[in-house]
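Proteins get letters first, then strands, A, B, ... in listed order; numbering begins at 1 in each.
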Amino acid sequence: MPDLFANNSAPPSHEMQEDDQEGIRAKLARMHPTPYLEGLNPEQKEAVESLDGPLLVLAGAGTGKTRVLTTRIGHILATRRAAPWQILSVTFTNKASREMKDRIGRLIGGSVEGMQWLGTFHSIGVKILRRHAELVGLKSNFTILDSDDQIRLMKQLIQAQGLDEKRWPARQLAGFIDGWKNRGLSPEQVPQDEAFLFAQGSGLILYTAYQARLKILNACDFGDLLLECLRLFREHPDVLSSYHNKFRYILVDEYQDTNVAQYLWLRLLAQSNHNICCVGDDDQSIYGWRGAEVDNILRFEADFPGAKVIRLERNYRSTEHILAAASHLITFNQGRLGKTLHHQIEDDEAEKVTVTSIWDSEEEARTIGDQIEAQQRDGHNLNEIAILVRASFQMRSFEDRFVTMGLNYRVIGGPRFYERAEIRDALAYFRAVVQSADDLAFGRIVNTPRRGLGDATVRQIHALARHQEIPLMEAAAELVGTEDLKPRARSSLKGLLGQFNHWRTMLSTMKHSELAEVILDESGYTEMWQKEKSPDAPGKLENLKELVRSIAEYESLPSFLEHIALVMDRDSGETNEAVSIMTLHSAKGLEFDSVFLPGWEEGLFPHQRALDETGNKGLEEERRLAYVGITRAKKRAKIYVAQNRLIHGKWQNSIPSRFLDELPNKHVEIEETQSTYGGYGASGVGGSIYGKSRFDKSDPFESSYDTPGWKRAQANKANRSKSGSSHGSHTSHLIEGELVAKSVSDGPAKYAVGERVFHIKFGYGEVKSVEGNKLTIQFQTGQKRVVDSFVEKH
DNA sequence: TTATGGAGAATAACG
DNA sequence: TTCTCCATAA
């Protein structure tokens, strides 16, 4: 997309004085009145200029949502409606907020430091909480726990309750508590019946205990960053009104992803002046399982009376075919606000969306790999190619294949940098040095590396700490002075405490990045990994080095720790050309020339668990995910269906996804593929794992007779028989391998039970049963189900 | 304290 | 099937 602000002739930023608000505003005043509005379409322009009152911008995929948001902020600043620090602008991810900062920076041609309230929900929540921590029972230097800390804490509490940790896993409790927090429920607000879902009512006791424990630890989890804000605003109206006065304008990105807590938070803040602008797309709401409420966006007009709604429907990203395919698919969802995307890109040569059926996941990887190589030969940049999968286990076959092909790829997502064990251990050391009362940090590393402080010793420290209500570190110091410990443990613990004291004194004398390295060396942590001979040990050391490097970018160790919990993510700085492999979820917001969408099979996509757990609601979310997937593509979207897939180590045969039938015939092409073996069937016994009874209403077998997919298959079959080859020619039967099977099932059976047949892959066998044109055949290698056109009478 | 085996789980993932 | 977590034994 051409850069909107490139022509606003702003002088380079070095002419500006950093941190000088007047500088920015003066600069804006000198600008041509509204040059930044040029190039916006009428709807975008309206969205930018409708400054007063609540506004909902329904921005379809690729319609310039970020551009509207940033221009709107620019407009507020340029018209001097508010100063940079009077605008609250929230996003979900650090990445999004960084991008907004960058773009606003380009717009106003300078520093955006004045925009202190542009950030993620969480980072803004922390900022507010730290200012008023005492009012909610915290100290302003509270620690932020991540999910790992949470689980560890909950484990302790579950044990303290005398519950069987096997039966009531901490992970599950964490799920419940997160869920409650997402819905803005503090312990006293949890509905009775839900309290009983975990350990017969202990769930609520544990939630209460957990919150109490957090207060003692002077800590918050991510959910609290919002929940405690809500409490603060409700219990201290004066504080809330100070923010009402502060924030003249509120902007929210990705509104469809907000959960109840975030929604309440926004409502409280927008209560007084109503200048709230939410941008979102109900069709891209894919985080229901994380607590996001599509309802928030659907209800906007009711929540904010007098709200204006503007739809952005001009898509500047994709070709007509891609857009039509996605649009048609999404119309199968009920309960949408409804948008019609219009393509702005004209391309007579544009490729249709393709659907290719292949034999199994290996062939899928091979076919896609070949396609990518071909595209590469045609001069396409690998960075513009992505493979979007539903579940991460699908990534493996691609990785395997690309490694053997020597094709550069990168996996996006996966374990985040600061979630890795070695990074968390290192951080725990730093935390314990900076804050001796950080029990979780201390508990994590007392015996890492192993220094003879096993379960027994740790339990003693815990007991004393609990008894005297003092931090672990203090209790440990006390224990060392007694005879209660075994001599070995005692001297070891004494040594460790001595080291901590030593490091603490160095806090003020040594450069913090050096100190970090010293801590890791002296504690023996680095050595531990050097000795470790597992293949990933070197990588871990590399990560630690990188961690130390990144510390240098912060002013001090405490300020580093402050930031890391919230804003450290891994932008792997990779500059090599590489194909991206990622999940559909992590692809939201991105775009690529070519998008490969493998695994469109029932049970995988839509995912069985989504259907089982949330029924039709789940199905609609899956469909939105499909919509997101297709709309990532600028020029090419290629969908693949495998007839067989390896699931938990077993080959299962699969049914093409119902979403395929929801694609418009006109814009989709069934693509042929070279195949090693042709045919329908599975090497496993027992047929599909996705029984038709599992589906909500429609039976895919019945319903697909009159669907576009079936008709396509028919047409294709006709063409195919004209051109001759039907089997044995190493050309697969594509989608009709499945669909044709249905089409002729009411015709006369060509084979009889007991007949001897020959199959190109499986050899000779005997027909065991006949269902339409699907045969169950006993081969030497076992029973298989195959389509009759792939066997010959013998 | 470490090694090993068995059991159990395996949708997606922001801060 | 494969990974992780935990308990048990050496």
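- As the counterpart of dT4(B), dA7(C) is assigned, both hydrogen-bonding distances of the Watson-Crick or G-U wobble pattern falling under 3.5 Å.
- Of the listed nucleotides (dT11(B), dT2(B), dA13(B)), dT2(B) has the atom at the smallest distance from the side chain of Arg450(A).
- The shortest side-chain heavy-atom distance between Cys220(A) and Thr143(A) does not fall under the 4.5 Å cut-off.
- Residue Gly454(A) is in sugar-phosphate contact alone, with no base atom involved, counting any heavy-atom pair closer than 4.0 Å across all strands shown.
- One finds a side-chain N or O of Asn94(A) lying less than 4.0 angstrom from the OP1 or OP2 phosphate oxygen of dG15(B).
- Ring pair His132(A)/Phe233(A): centre-to-centre distance not below 6.0 Å.
- Ring geometry, His585(A) versus Tyr287(A): the interplanar angle falls from 30° to 60°, so the pair is classed tilted.
- Protein atom CG of Asn447(A) is 8 Å distant from nucleotide atom P of dT2(B), rounded to whole Å.
- Under the 6.0 Å distance and 45° angle rule, Arg424(A) does not count as a cation-pi partner of Tyr418(A).
- The separation between Leu590(A) atom CG and dA13(B) atom C1' is 14 Å, rounded to whole Å.
- When both distances must be under 3.5 Å, the Watson-Crick or G-U wobble mate of dA9(B) is dT2(C).
- The interatomic distance linking His607(A) (NE2) with dA13(B) (P) rounds to 12 Å, in whole Å.
- Note on Lys155(A): only backbone sugar-phosphate atoms sit closer than 4.0 angstrom, heavy atoms only; bases stay farther off.
- Rounded to whole angstrom, the span from the CE atom of Met395(A) across to the P atom of dA10(B) amounts to 18 Å.
- Each of Asp146(A), Val126(A), Asn94(A) was evaluated against Leu566(A); a single residue qualifies, Val126(A), per the side-chain contact (heavy atoms from CB on, under 4.5 Å) test.
- Scanning both residues, Ile445(A) and Arg451(A), for their nearest heavy atoms gives O-NH1, 2.9 Å.
- The side chain of Arg609(A) contributes an N or O atom lying less than 4.0 Å from OP1 or OP2 of dT11(B).
- Distance from the side chain of Phe222(A) is smallest for dG15(B) among the nucleotides dC14(B), dG15(B), dA12(B).
- Counting 5' to 3', DNA chain C first comes under 4.0 angstrom of a heavy atom of chain A and last does so at the ends given by dT1(C) to dC6(C).
- Here the side chain of Thr93(A) is nearest to one of dA13(B), dC14(B), dT11(B), namely dC14(B).
- Taking only side-chain nitrogens and oxygens, Thr583(A) comes nearer than 4.0 Å to OP1 or OP2 of dA13(B).
- Separating the P atom of dA13(B) from that of dT2(C) is a span of 23 Å, rounded to the nearest Å.
- Neither OP1 nor OP2 of dT11(B) sits under 4.0 Å from any side-chain N or O of Ser392(A).
- Residue contacts shown for Ile124(A) are absent, as no nucleic acid heavy atom lies under 4.0 Å away.
- In this structure, the CD1 atom of Ile412(A) is 12 Å from the P atom of dA13(B), given to the nearest Å.
- Following rounding to the nearest Å, Glu621(A) (CD) and dA13(B) (C1') show an atom-to-atom distance of 12 Å.
- Residue contacts for Gly452(A): at a heavy-atom cut-off of 4.0 Å it reaches the sugar-phosphate backbone alone, with no base atom in range.
- Lacking a ring centre under 5.5 Å from that of the base six-membered ring together with a plane angle below 30°, Tyr287(A) does not count as stacked on dA13(B).
- No salt bridge links Lys65(A) with Asp281(A); every basic N to acidic carboxylate O contact stays at or beyond 4.0 Å.
- Rounded to whole Å, the distance from CZ on Arg645(A) to P on dA10(B) is 19 Å.
- Within 4.0 Å of Glu254(A), counting heavy atoms only, lies no atom of the nucleic acid at all.
- Across all strands, Phe92(A) comes closer than 4.0 Å only to sugar-phosphate atoms, never to a base (heavy-atom distances).
- Residue side chain His648(A) meets the stacking definition with respect to dA10(B): its ring centre sits within less than 5.5 angstrom of the base's six-membered ring centre, and the planes differ by less than 30 degrees.
- Checking Trp289(A) against Gln150(A), the closest nucleotide of DNA chain B that is more toward the 5' end is the one next to Trp289(A).
- Looking at Arg390(A), its side chain comes within 3.5 Å of the base of dA12(B) through a donor and an acceptor atom.
- Each of dA12(B), dA13(B), dG15(B) was ranked by its minimum atom distance to the side chain of Arg290(A); first place goes to dA13(B).
- When every heavy atom of Leu388(A) is checked against every heavy atom of Pro598(A), the shortest pair comes out as O-CD, 3.3 Å.
- Side-chain contact check for Leu206(A) versus Ile158(A): some heavy-atom pair is nearer than 4.5 Å.
- Distance CH2 (Trp265(A)) to P (dG15(B)): 15 Å, rounded to an integer number of Å.
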